[in-house]
> 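Please read through the structure below; I'll follow up with questions.
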Amino acid sequence: MASIQFSKGTDEKVVPDVRLTRSRSGDQGTATFTFVNPDILQEGNTDGITGMYMIDEEGEIVTREVRGKFVNGKPEAVEAVYLIKTSQEWDRFMRFMNRYAEENGLGLSKSE
């Protein structure tokens with residue numbers, strides 16, 4: 001089971017748009033997650049956001065780079081950025097994403 005949480009113990013049910021970039025050497029990259037109208041915002045509990053936790057059977061990947069996006073003063077989206085610094089981190093992240101994608105019907109499309 002692979003899940004994403006913003007507050008420990010509460011799975012986020014909204015599936016994000018995920019954009020990946022990778023350096024030419026392949027050992028660094030960035031994953032940007034955009035959640036439009038996520039559950040955490042519907043609950044009005046933005047103080048409960050302590051980071052983004054990607055959890056699966058191997059353990060937990062954490063990023064603290066989480067920001068809210070507001071339109072006309074109302075919360076509309078949450079954006080989280082995970083910086084990948086080594087090829088081992090890249091491989092671990094991709095294993096998580098494969099599990100998460102399989103469970104949530106995500107697909108991969110490469111930019112031209």
Side-chain angles (χ1 to χ4, degrees):
M1 175 106 182
S3 65
I4 294 177
Q5 300 177 353
F6 291 110
S7 180
K8 290 276 195 157
T10 305
D11 290 349
E12 178 57 54
K13 291 178 181 46
V14 172
V15 178
D17 176 55
V18 183
R19 306 226 180 249
L20 294 173
T21 61
R22 192 171 189 183
S23 66
R24 290 188 189 269
S25 64
D27 59 352
Q28 295 182 1
T30 303
T32 304
F33 294 77
T34 303
F35 297 82
V36 177
N37 294 316
D39 296 336
I40 193 81
L41 293 182
Q42 303 308 316
E43 296 166 6
N45 187 16
T46 56
D47 291 341
I49 298 174
T50 57
M52 186 177 79
Y53 306 90
M54 298 169 270
I55 302 166
D56 64 9
E57 61 260 22
E58 288 185 57
E60 181 177 273
I61 303 169
V62 179
T63 181
R64 303 281 182 212
E65 296 291 324
V66 179
R67 294 181 288 280
K69 291 193 169 218
F70 294 81
V71 175
N72 296 325
K74 295 182 181 176
E76 184 173 281
V78 171
E79 183 179 272
V81 177
Y82 175 59
L83 299 176
I84 304 164
K85 298 176 182 140
T86 66
S87 57
Q88 291 82 11
E89 285 181 6
W90 180 270
D91 292 342
R92 170 65 180 102
F93 174 76
M94 291 307 293
R95 289 192 305 273
F96 167 81
M97 281 307 299
N98 285 330
R99 292 177 184 119
Y100 186 79
E102 189 174 302
E103 289 181 23
N104 291 285
L106 292 175
L108 176 66
S109 59
K110 294 186 178 186
S111 61
E112 299 297 321

> Apply side chain to side chain contact (heavy atoms under 4.5 Å, CB included) to E76 and list each qualifying residue two or more places apart in sequence or on a separate chain.
N37, V71
> Would you name the heavy atoms of L20 and A31 that are closest together and state the gap between them?
CD2-CB, 3.5 Å
> Hey, quick one: are I55 and V14 part of the same hydrophobic cluster, counting side-chain heavy atoms closer than 4.5 Å, chains of contacts allowed?
no
> Partners of E103 by side chain to side chain contact (heavy atoms under 4.5 Å, CB included), sequence neighbours excluded?
M1, A2
> Looking only at non-hydrogen atoms, find the nearest pair between G51 and V66 and report the distance.
C-CG2, 3.8 Å
> Can you label the angle between the W90 ring and the F93 ring as parallel, tilted or perpendicular, going by 30° and 60°?
tilted
> Inspect the surroundings of CZ in R19 and state if more than 12 heavy atoms from other residues, nucleotides or ligands are less than 6.0 Å away.
no
> Verify the cluster assignment for M94 and Y53: are they in a single hydrophobic cluster under the rule of side-chain heavy atoms below 4.5 Å apart?
no
> Report the distance from atom CZ of R22 to atom OG1 of T30, rounding to the nearest 0.5 Å.
12.0 Å
> Which value, rounded to the nearest 0.5 Å, describes the distance between T34 atom OG1 and K69 atom NZ?
6.0 Å
> Who pairs with Y100 by side-chain hydrogen bond (donor to acceptor under 3.5 Å, both in side chains), at least two apart in sequence or on another chain?
none
> Only one of E79, M52, K13 clears side chain to side chain contact (heavy atoms under 4.5 Å, CB included) with F35; which?
M52
> Between F96 and I61, which heavy-atom pair has the shortest distance, and what is it?
CB-CD1, 4.1 Å
> Taking the side chain as every heavy atom from C-beta outward, state whether F33 and E12 have any atom pair closer than 4.5 Å.
no
> Output the distance between atom OG1 (T21) and atom CD1 (I84), rounded to the nearest 0.5 Å.
7.5 Å
> Given the rule that I, L, V, M, F, W and Y join up when any side-chain heavy atoms are under 4.5 Å apart, are V81 and M97 in one cluster?
no
> Output the distance between atom CE (M54) and atom CZ (R92), rounded to the nearest 0.5 Å.
8.5 Å
> Any chance you could measure I4, atom CD1, to T10, atom OG1, to the nearest 0.5 Å?
14.0 Å
> So, the side chain of R64 versus the backbone of T50: is there a donor-acceptor pair under 3.5 Å, distance only?
yes
> Considering residues, nucleotides and ligands other than E102, do more than 12 of their heavy atoms fall under 6.0 Å from its CD?
no
> Once rounded to the nearest 0.5 Å, what's the spacing between atom CZ of R99 and atom OG of S3?
12.0 Å
> Nearest heavy-atom pair of A77 and P38: which atoms, and what distance?
CA-CD, 4.3 Å
